[in-house]
Amino acid sequence: MKKTITIHDIARMANVSSATVSRVLSNSTYPVSAAKREKILRIAQEVNYIPNLLGKQLKTNTSMSLGVIIPSITNPFYSSVILGIEEIARENQYQVLLCNSHHDPKLEIDYLQTIFEKQVKGLIISSISLDTKLLKSFIDMGLNVIALDQKIDAEGVCQIEFDYLKGGYMATSHLIARGHKKIGYVTAPLNRPSRISIHQGYLNAMQEHGLEPMVRVSEHEHVYDGIYEFDNGKRLTRELLDLPERPTAIFACNDMTAFGVINELANDGIQVPEDMSVIGFDGIEFGKMTTPPLTTIKQPDYEMGRLACKILLEMLGGGRKSELDMVLQPKLVERRSVARLGK
């Protein structure tokens, strides 16, 4: 392996001090003759010099990197969030260090430790860990944090939330308004605030209309499995289909799970929405591509990512307080996976 070129190597080649090389390469206003500047820049280009940004960060206690921790890059919802974050970061000359926790609380904590060790001062996180001790200690040491999607019970965290309770109620009410009374609900484990709230919204709507809930909850969450949510939808749908009295509609906790629902129904010869209706949650773009297109509750994923990054950069610049708490509102996106039952 070739030795990494340093400013000391360039200084030796140019017959100048390392301090002079540092001033030229960092565009310092310190006076350096035009001849020396030109020589240093020419040598740096010839040897393909790459600045040691980590060393600079350690010296100046600054960083142009933002940390992002999400539960699953395979879920298109989070992919869209990342696109929004990256767009704003790139516009402001920041780099994004992306960490995928695979729904594993231990891995999330490991990534949190790594990000802080890399001198990153700003973090956007959709946390699945109930242990906030390490995060709180890093906040006390200067880490700026935006909690996205999942609420974190800690002081000094800016929260950008979504009204999951309202979204769950809205989806269920939409089915009821179209004549459905036997409505199944399928969900991954109820171990996150978002899932608990969507489930509660479903229960509230069912209770309000005097309807009996038909809930199927997965007992385990398979980490490191890219199609877990899809498979979960298939498995829980099979449980509903095995009931003596089947539902006429199924509400899935997210769109990826809804795709699994539709797939299992097709395997059983059940047409959507002619034989059974399906509604999802998230509003990811893939929902337009299914047959039929998926009716869903839209979360502003891309806009959420842009907003989180904008606020984080304002915090890093000292222009916004961390106590901000925002709640984004759901929107029903009607497509063709929900049928109206006859009166």
Side-chain angles (χ1 to χ4, degrees), residues 70-81 100-108 126-130 149-150 162 164 167-168 171-172 175 182-203 206 213-243 246-268 270 272-273 276-287 289-292 294-299 301 337-338:
I70 57 170
S72 173
I73 195 63
T74 59
N75 187 328
F77 168 77
Y78 290 109
S79 301
S80 188
V81 170
N100 178 24
S101 71
H102 294 279
H103 299 281
D104 185 344
K106 183 181 182 304
L107 185 56
E108 177 184 308
S126 179
S127 177
I128 49 96
S129 175
L130 298 177
D149 189 40
Q150 305 291 336
F162 183 76
Y164 289 102
T172 311
L175 295 172
K182 298 171 185 175
I183 302 171
Y185 181 64
V186 294
T187 178
L190 298 174
N191 55 6
R192 298 188 203 167
S194 59
R195 293 174 183 169
I196 294 171
S197 294
I198 298 171
H199 175 241
Q200 189 59 54
Y202 162 82
L203 294 178
M206 296 292 281
M214 304 173 70
V215 179
R216 288 297 179 272
V217 182
S218 179
E219 295 182 0
H220 305 288
E221 191 157 22
H222 301 286
V223 300
Y224 309 114
D225 187 343
I227 61 170
Y228 161 73
E229 290 160 320
F230 178 83
D231 286 342
N232 196 43
K234 288 172 60 67
R235 182 170 53 255
L236 296 180
T237 297
R238 173 45 52 192
E239 292 183 15
L240 289 174
L241 294 179
D242 289 340
L243 292 175
R246 291 178 170 181
T248 64
I250 298 177
F251 173 22
C253 66
N254 60 45
D255 288 349
M256 290 298 290
T257 301
F259 298 154
V261 172
I262 293 173
N263 183 271
E264 186 62 24
L265 292 177
N267 290 340
D268 210 60
I270 299 172
V272 176
M276 193 173 295
S277 294
V278 178
I279 190 168
F281 201 105
D282 278 346
I284 63 178
E285 292 299 308
F286 287 165
M289 308 174 196
T290 58
T291 303
L294 180 67
T295 295
T296 185
I297 299 297
K298 173 67 176 175
Q299 289 195 75
D301 42 18
S337 65
V338 174

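All of these numbers come straight from a predicted model, not from anything done at the bench.
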- Do you know which of Ile128, Leu130, Asn191 makes side-chain contact (heavy atoms from CB on, under 4.5 Å) with Pro105? Ile128
- Note on the structure: Here the gap from Met256 atom CE to Phe286 atom CZ, rounded to the nearest 0.5 Å, amounts to 8.0 Å
- Going from CD on Glu264 to CG on Leu236, what distance comes out if it is rounded to the nearest 0.5 angstrom? 10.5 Å
- Message: To the closest 0.5 Å, what do you measure between OG (Ser218) and CD (Glu239)?
- Response: 8.5 Å
- Item | Validation row: Ser127, Glu108 side chains within 4.5 angstrom (heavy atoms) | yes
- Query: Hey, are Asn254 and Thr257 close enough side-chain-wise for a donor-acceptor pair under 3.5 Å?
  - Reply: yes
- List the steps and the verdict of side chain to side chain donor-acceptor pair (under 3.5 Å) for Thr74 and Ser72. CA-CA 5 Å; Thr74 59; Ser72 173; 2.7 Å; yes
- When you look at Ile262 and Leu294, which way does the side chain to side chain contact (heavy atoms under 4.5 Å, CB included) test go after all the steps? CA-CA 9 Å; Ile262 293 173; Leu294 180 67; 4.1 Å; yes
- Residue pair Gly184 / Pro247: nearest heavy atoms and the distance that separates them: N-CB, 3.7 Å
- 4.5 Å side-chain heavy-atom contact, Ile198 and Thr187: no
- Query: Between Ile297 and Gly167, which heavy-atom pair has the shortest distance, and what is it?
  - Reply: CG1-O, 3.7 Å
- Applying ring pair (Phe, Tyr, Trp, His ring centres under 6.0 Å), run through Tyr185 and Phe251 and close with a yes or a no. CA-CA 5 Å; Tyr185 181 64; Phe251 173 22; 4.9 Å; yes
- Message: Do the side chains of Asp242 and Arg216 get close enough for a salt bridge, i.e. N-O under 4.0 angstrom?
- Response: no
- Any chance NZ of Lys298 has more than 12 other-residue heavy atoms, nucleotides or ligands included, within less than 6.0 Å? yes
- Message: Taking the side chain as everything from C-beta on, heavy atoms only, tell me whether Cys253 gets closer than 4.5 Å to Val186.
- Response: no
- Heavy atoms of Phe77 and Asp282 approach each other most closely as CB-OD2, 4.0 Å
- Query: What are the two closest non-hydrogen atoms of Ala188 and Tyr228, and how far apart are they?
  - Reply: CB-OH, 3.7 Å
- Message: With a 3.5 Å distance limit and no angle check, can you tell me whether Ser337 reaches the backbone of Val278 through a side-chain donor-acceptor pair?
- Response: yes
- Message: Do Arg192 and Pro71 make a side-chain contact, defined as non-hydrogen atoms from C-beta onward lying under 4.5 Å apart?
- Response: yes
- Message: Please report the interatomic distance CD(Gln299) to OG(Ser80), rounded to the nearest 0.5 Å.
- Response: 10.5 Å
- Residues Arg246 and Leu241: closest non-hydrogen pair is NE-O, 2.9 Å
- Message: Given 3.5 Å as the limit, does a donor-acceptor pair link the side chain of Ser197 with the main chain of Ser194, or not?
- Response: no
- Task: Hey, could you give me each pair passing salt bridge (Lys or Arg N to Asp or Glu O under 4.0 Å) that has a residue in residues 254-263? Not counting sequence neighbours.
- Result: none
- Query: When you measure from the side chain of Ser101 to the backbone N and O of Ile70, does any donor-acceptor pair fall under 3.5 Å?
  - Reply: yes
- Item | Nearest heavy atoms of Ile250 and Met276, plus distance in Å | CD1-SD, 3.7 Å
- Item | Separation of Leu243 CG from Arg238 CZ (nearest 0.5 Å) | 10.5 Å
- Side-chain donor/acceptor of Thr172 to backbone N/O of Gly168, under 3.5 Å: yes
- Note on the structure: Between the CZ atom in Phe259 and the CD1 atom in Ile227, the distance rounded to the nearest 0.5 Å is 14.0 Å
